[in-house]
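As structure tokens, the structure follows; a few thoughts come after it.
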Protein chains: 2
Amino acid sequence: MTSTLKTNRIYEGDCIAILESLPEKSVDMIFADPPYNLQLGGDLTRPDNSRVDGVDDAWDKFASFEAYDAFSRRWLTAARRVLKDDGTLWVIGSYHNIYRVGAMLQDMGFWMLNDVVWRKTNPMPNFRGRRFTNAHETLLWVSKHEDSKYTFNYEALKELNEGIQMRSDWTLPLCTGSERLKDADGHKVHPTQKPEALLYRVLLSSTKPGDVVLDPFFGTGTTGAVAKKLGRKWIGIERDKAYIEAARARIAAVEEVKDLSLLATPSKRSEPRVPFGTVIERGLLKAGDVLYDPRGRAVARVKADGTIIAEEHKGSIHKVGAAIQNAPSCNGWTFWHFKAGDQMVSIDVLRQKLRGEMAGAGLN
Amino acid sequence: MTSTLKTNRIYEGDCIAILESLPEKSVDMIFADPPYNLQLGGDLTRPDNSRVDGVDDAWDKFASFEAYDAFSRRWLTAARRVLKDDGTLWVIGSYHNIYRVGAMLQDMGFWMLNDVVWRKTNPMPNFRGRRFTNAHETLLWVSKHEDSKYTFNYEALKELNEGIQMRSDWTLPLCTGSERLKDADGHKVHPTQKPEALLYRVLLSSTKPGDVVLDPFFGTGTTGAVAKKLGRKWIGIERDKAYIEAARARIAAVEEVKDLSLLATPSKRSEPRVPFGTVIERGLLKAGDVLYDPRGRAVARVKADGTIIAEEHKGSIHKVGAAIQNAPSCNGWTFWHFKAGDQMVSIDVLRQKLRGEMAGAGLN
DNA sequence: TTACCCGATGAATCGCCGC
DNA sequence: TGCGGCGATTCATCGGGTA
């Protein structure tokens, strides 16, 4: 129950038993691609283990949904225990199972952050022409609690999307070609191997380098392979020996990125705070200097204690900036400017200068 | 309980009571846009400090998931009774409610035909940068029984989609501009009016001319307006007098459409935008790889988030390319190259490869 | 007349830290 | 645990006004 957590390895066996053997609140993120085939013969039993009589169709289906729900509740409960309070969980599925899983997640206290649609560029067509081409799968992204401080690398995803914030619909091809693992006979090793690009986006968005990512339905190890590429620790759980063997070889062949700085996805939010007073203290501005709003009207004077005065307002750069604009809030760093020669320069430049010095001195 | 069915009219009142007063098995299709149970917290402001006009109507307030589920079960039970055995039901929702509704539909014996994603071309951004842009809503399309002989106009939908099978993801804009109903003061009449293009696809795909379409949450009557255009009979149920009044006027002004080809929503001709990050995500380049300028000097390294680093410059391929050349702008796709053996190859080759995949699927 | 600029707005579960 | 301060945050589209 309280073993230490060994990472970068595959645990062989039933995911529920193994999850229950791992230390609680030890994992930063869980990615799960659970089975959704409701026609599994062995699973067609009622919760009380009585066999389902195949004569009554309606009851048969009800029983199989119940069995699936019971299975889902067990692995989700075990997964929730292992997840850190500020961790998140991803589950991928199709219309056969995802609505049941989604409702259960909400009932268990998970908090929905997004549902994400994987739009397939190359889905299998609907041969009989009786329905719309089933061209997408759904991922649910949930935090453990409503008020969790979850990880979301907003800036990184925005960069990945060339400057526009990432949307909840992701257009990606199926896993085919050389990425698709084949056995010696040329048959695919796993029936539903996920594309690495999908996991790349999942891991880049919701984990930090060094985080521990767990996949309770590891299959052929796409999660592990991408985690290794991105400098994340990983844990896989899988009961099929053939999948495990394929996953081990696959992950062993992945090269780690040597320069960890290339994996960093810095955000403004994580940069150290610099009080405006430090700017005065360090002599970059001095008491009596004049600050201007973006339109260049002279409006505020700097005081020795790092507050400013404008018209009848006094206080912090943020508070006065908000008051001047009659707005509920204001980022004073970007609002206020000073004159350097003829140029109007944002005081944020001064903050950047101080941050640069702090980083140079190994501080943070 | 067994009144005759009057069509092309709005029933004023509670949808459950009215559904229970209609004859059973009398309706060919039901389209339902129920309250989403958004559970919105406090105010939300945009970066420019303007306030977002969120959905705060009383009809979307529920005390708990249990209360919402009880409401859903009641209207779905009433709707199921009214639906013909070979009829189908559509429900639209967001992640707040659709997983609960989907699971309940399955539990009630409805048979899932498709889940369809309405991919919004112009969704509201995520103003706080805390999640993925919530850029889609989900429609569930279900038959009353597993073996229903439901209507699906495969050929018509294929025509509507320029000869390609209609997929389960529909790319359509929000209802804005002149289509959006406004009151005398210019305020929107209904907070969540759906675009007619969405209803075209729904009605065209799953009903025949002359069929009876019922909408238990009629609002301002998009379903009725489109039904009239397409020569379907319609029944609306709505309890808000202001919505009813707007819907009556709107539908009265509708003329039947004879040429269905006018309803096609042409795909964009422009080439799909491919962010450089996609090249990394798809493994065509990886973090740590080196990019060269056209003269072949080693100059930039690729980061995991699709930015690059060269000398002291970091940012997008375009921004860094411009900085290196001390130019105002730069097309990074043509400027940067990678080594393939001895050859220097433009990264634009990689973009063309990705574009080809997307274009092949008719995506954008 | 046309081109450009600016403001408005859409089903949204939209902070974090320290005192 | 609550409160207040710091300071971070937007894309596509439409319509009206101006050059």
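All chains are named by letter (A, B, ...) in the order of the sequence lines, taking the proteins before the strands, and each is independently numbered beginning at 1.
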Fill in the blank from the handout: DNA chain D in dot-bracket form (Watson-Crick or G-U pairs under 3.5 Å, [ ] crossing, | inter-strand) is .|||||....|||||||||
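- At whole-Å resolution of the value, NZ in Lys182(B) and C1' in dA8(C) are 10 Å apart.
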List, with names and distances, any nitrogen or oxygen atoms from the protein found under 3.5 Å away from nitrogen or oxygen atoms belonging to nucleotides 15-19 of chain C.
{"from": "dG15(C)", "atom 1": "OP2", "to": "Arg128(B)", "atom 2": "NE", "distance (Å)": "2.8"}
{"from": "dC16(C)", "atom 1": "OP1", "to": "Arg130(B)", "atom 2": "NH2", "distance (Å)": "2.8"}

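- In this structure, the CG atom of Asn126(B) is 20 Å from the P atom of dT9(C), given to the nearest Å.
- Lys194(B) contributes no side-chain N or O that, together with a main-chain N or O of Leu199(B), makes up a donor-acceptor pair within less than 3.5 Å.
- Comparing dA11(C), dC14(C), dG10(C) by their closest approach to the side chain of Asp60(B) singles out dA11(C).
- Across the P atoms, dA8(D) and dG18(C) are found 16 Å apart, a figure rounded to whole Å.
- The aromatic ring centres of Phe217(B) and Phe31(B) sit 6.0 Å or more apart.
- Looking at which nucleotide of DNA chain D each of Phe276(A) and Lys158(A) is closest to, the 5′-most match is held by Phe276(A).
- Rounded to a whole angstrom, the distance from the C1' atom of dG10(C) to that of dC14(C) is 15 Å.
- A donor-acceptor contact under 3.5 Å is formed by the side chain of Ser329(A) with the base of dA8(D).
- Annotation: Phe71(B) is in aromatic contact with Phe62(B) [ring centroid separation under 6.0 Å].
- Distance CG (Asp43(B)) to P (dG10(C)): 15 Å, rounded to an integer number of Å.
- Heavy-atom nearest nucleotides on DNA chain C were determined for Arg46(B) and for Gly129(B), and the one closer to the 5' end corresponds to Arg46(B).
- Side-chain atoms of Arg131(B) come within donor-acceptor range of the base of dT13(C), with a qualifying N/O pair under 3.5 Å.
- The side chain of Leu40(B) approaches dA12(C) more closely than any other nucleotide in the set dT10(D), dA11(C), dA12(C).
- Nucleotides dA12(C) and dT9(D) have their C1' atoms positioned 14 Å apart, rounded to a whole Å.
- A distance-only check finds a donor-acceptor pair linking the side chain of Gln193(B) to the backbone of Glu179(B) [under 3.5 Å].
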Problem - salt bridge (charged side-chain N to carboxylate O under 4.0 Å, His left out) between Arg51(B) and Asp43(B), worked out - result: CA-CA 7 Å; Arg51(B) 216 179 124 266; Asp43(B) 279 357; 3.0 Å; yes
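- The base of dA11(C) has none of its N or O atoms less than 3.5 Å from a complementary donor or acceptor on the side chain of Lys120(B).
- Counting non-hydrogen atoms under 4.0 angstrom, Glu155(A) reaches the backbone sugars and phosphates but no base.
- In this structure, Tyr95(B) forms no aromatic stack with the base of dT13(C), since the conditions of centre separation below 5.5 Å and plane angle below 30° are not both met.
- Asn122(B) has no side-chain polar atom (N or O) that falls below the 4.0 Å cut-off from OP1 or OP2 of dG10(C).
- At dC6(D), none of the side-chain N or O atoms of His318(A) fall inside 4.0 Å of OP1 or OP2 (strictly under the cut-off).
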